[in-house]
Amino acid sequence: MKKISFIIALLLIFILVLTISGCSKAAAVVNGEKISDSDIDAYFNFFKSQDTEGALEQDQATIDNVQSNILDSLIVIKLLKQYAQEEGISVSQEELDTRYQEIIETYGSREEFEQALESMSVDEEFLRNELENQILRTKIFDMVTAGIEVSEEEAADFYEQNKQDLFLVPEKVEVSHILARFELEEGQTEITEQEKQSAMDKIEFVQQELEEGRSFEEVALEYSDDTASAENGGGLGYISRGEMAEEFENIAFALQVGEVSDIVETVYGYHILKVTDKQDEYIKEYDEVRETVITYMESENKNAAWSDFVYGLIDGAEIEYNTEIKSQLTPEEEIEEGQE
C-alpha cells in the first residue's frame, strides 16, 4: 500500500471533548469492534468549537478532511488497542495516575486544572482514557523501534550528500539602524505626503547629528522609532537575506564593516544603517552537526518503521465502512464494497 497521510496525532495529543455514549450506529467496524457515528461527531464538534475562523462552518472540503482524519485516527487507535491486547501490553493504574498528575502540575493548582476542564465541558474519565491511549501508543512505538540505530558511516554519508542544502550557513551581516517611522492613524491604510515629509525631516536631522560626530549608538537611543533596537544602540543582530525588507537588505549587504548608509526608504519608514560585522557563507563541519544528523536519521528511521507497522495492522485488518466519510487508509473500491 502506498504511504497515505493521516493524522494519528489527533488521538495522541491532549484532546478535550465530552464523553460520548456508545448507542449510535457504527460508522466502521474494525475486526468486529465498532466505531460509532457519535465517536466521530464528538471529536468533530470539539474541533469545530476550536475553529475561530469558521472553516468548519462553511468550507466543505475542510469538513470532509477533518472527518476523514478523525475516522482514520479512531481506526488506528482501535487497531493499536487490539494489538496491545494480543501481545499482553497494558497500562497500569500507577502509570496512568502519574501521567494524569503531570498534566495537573502544568497548571497553577488543581483548582485551575479543574476549571479548565469544566470550561471545555470535559470530565476526568474521558481525559484518563485519552492519556491511556497515549501511553499505550508510546509503549508499542518503543517496542517496534527498539534497536534502530544509525552508524557513523551512515551519518557521515548523509552529511556528504546533504551538506550543501542542510548545513550551508548563509552570508550574514551584523547591522544597526535608526528608524523614522511612517506613522499611520487608526484605520489609515496609506501614508500621506505630509506624513512622509515629517519622517524625512526627522531622519535628515538624525543624519546631520551623525555627520557632526555623534555616535550612532547614542543617536539611535535618543531618536530611533524602533524602540526595541534603540535600547541596544540600534542593533538588530545578524541578519540573512530574506529576513528584512528588500531595500533594507540591499544596502546592508553592500556596506562595508563600520560604514554608515545614506537614507534608506522601506514600507516602514526611513532608515539609516550601520554594519558592524560580516560573516561569509560557509558549510558547517561534520563534527559540528554529527549529533544532529544522528538524531534526525534515527527519528526518520523510527518513523518509517512505525509507519510500516501501522500500515501492516491496517492491511491485515477487516474493516467495514458504513459511512459516507471517505477513509484514506483503505482503497476507495474497498470502502464502496463495504457500504453496499
Side-chain angles (χ1 to χ4, degrees), residues 50-55 58-59 61-62 159 162-285 288-289 292-293 296:
Q50 305 302 304
D51 177 27
T52 57
E53 297 182 359
Q58 303 173 8
D59 186 354
T62 300
Y159 168 80
N162 295 278
K163 62 184 180 181
Q164 287 286 348
D165 295 323
L166 299 181
F167 305 115
L168 177 67
V169 179
E171 176 189 11
K172 294 182 178 182
V173 294
E174 186 180 36
V175 63
S176 301
H177 81 143
I178 301 170
L179 171 66
R181 192 186 307 278
F182 294 150
E183 298 293 346
L184 287 170
E185 300 293 335
E186 186 175 353
Q188 184 181 349
T189 58
E190 294 185 7
I191 298 294
T192 65
E193 288 302 318
Q194 182 178 354
E195 288 162 339
K196 289 188 71 173
Q197 186 58 53
S198 176
M200 177 59 78
D201 290 343
K202 179 174 183 176
I203 204 67
E204 286 180 339
F205 172 78
V206 165
Q207 189 176 47
Q208 183 176 350
E209 292 285 290
L210 294 172
E211 289 173 351
E212 290 177 357
R214 292 189 64 186
S215 75
F216 192 96
E217 293 73 20
E218 180 184 1
V219 175
L221 178 62
E222 186 171 352
Y223 295 110
S224 181
D225 290 331
D226 180 359
T227 54
S229 68
E231 294 294 327
N232 192 36
L236 295 170
Y238 286 91
I239 66 168
S240 303
R241 292 190 184 275
E243 296 180 8
M244 309 292 286
E246 183 178 359
E247 302 89 344
F248 187 105
E249 288 181 358
N250 288 342
I251 299 300
F253 282 90
L255 292 173
Q256 299 301 312
V257 174
E259 190 176 0
V260 176
S261 75
D262 200 347
I263 296 169
V264 181
E265 181 180 353
T266 71
V267 294
Y268 304 104
Y270 295 113
H271 312 250
I272 295 177
L273 316 183
K274 180 180 180 180
V275 167
T276 52
D277 190 27
K278 284 193 169 189
Q279 293 182 353
D280 294 334
E281 72 173 23
Y282 69 96
I283 296 175
K284 290 184 178 180
E285 296 293 334
E288 294 181 73
V289 298
T292 300
V293 169
Y296 169 78

**Complete:** In short, side chain to side chain donor-acceptor pair (under 3.5 Å) pairs touching residues 236-258 with sequence neighbours left out are Tyr238-Asp277
Would a 4.5 Å heavy-atom cut-off, applied to side chains only, mark [X] and [Y] as touching?
X	Y	value
Ile178	Leu210	yes
Val289	Tyr296	no
Phe182	Glu265	yes
Val275	Glu259	no
Glu222	Arg214	yes
Lys274	Glu217	yes
Phe248	Ile239	yes

[atom1]/[X] to [atom2]/[Y] distance, rounded to the nearest 0.5 angstrom?
X	Y	atom1	atom2	answer
Ser198	Glu193	OG	CD	12.5 Å
Ile283	Asp165	CD1	CG	9.5 Å
Leu236	Ser176	CG	OG	6.5 Å
Thr292	Lys284	OG1	NZ	7.5 Å
Ile203	Ser224	CD1	OG	7.5 Å
Arg181	Thr266	CZ	OG1	9.5 Å

Where is the tightest heavy-atom contact between [X] and [Y], given as atom of each residue plus distance?
X	Y	answer
Glu195	Glu190	OE1-O, 4.2 Å
Leu255	Ser261	CD1-CB, 3.9 Å
Leu273	Ala252	CD1-N, 3.9 Å

**Prompt:** Are Gln208 and Glu212 close enough that a side-chain donor and a side-chain acceptor fall under 3.5 Å?
**Reply:**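 Looking only at side-chain atoms, Glu212 and Gln208 do form a donor-acceptor pair, the distance falling under 3.5 Å.
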**Asked** If you count the non-hydrogen atoms of other residues, nucleotides and ligands that lie under 6.0 Å from CD in Glu285, is the total more than 12?
**Response**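 Counting other residues, nucleotides and ligands, CD of Glu285 stays at 12 neighbours or fewer.
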**Message:** Atom NZ of residue position Lys172 - does it have more than 12 heavy atoms of other residues, nucleotides or ligands inside 6.0 Å?
**Reply:** no
**Item:** Partners meeting side-chain hydrogen bond (donor to acceptor under 3.5 Å, both in side chains) with Asp262 (sequence neighbours left out)
**Value:**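 Partners of Asp262 by the side-chain hydrogen bond (donor to acceptor under 3.5 Å, both in side chains) criterion, ordered by chain and then number, come out as Gln207.
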**Message:** Give me each pair satisfying salt bridge (charged side-chain N to carboxylate O under 4.0 Å, His left out) with a member in residues 225-236, each pair once, sequence neighbours excluded.
**Reply:** Lys202-Asp225
What residues, two or more places apart in sequence or in another chain, satisfy ring-ring contact (aromatic ring centres under 6.0 Å, His included) together with [X]?
X	value
Phe253	none
Phe205	Tyr223
Phe216	none

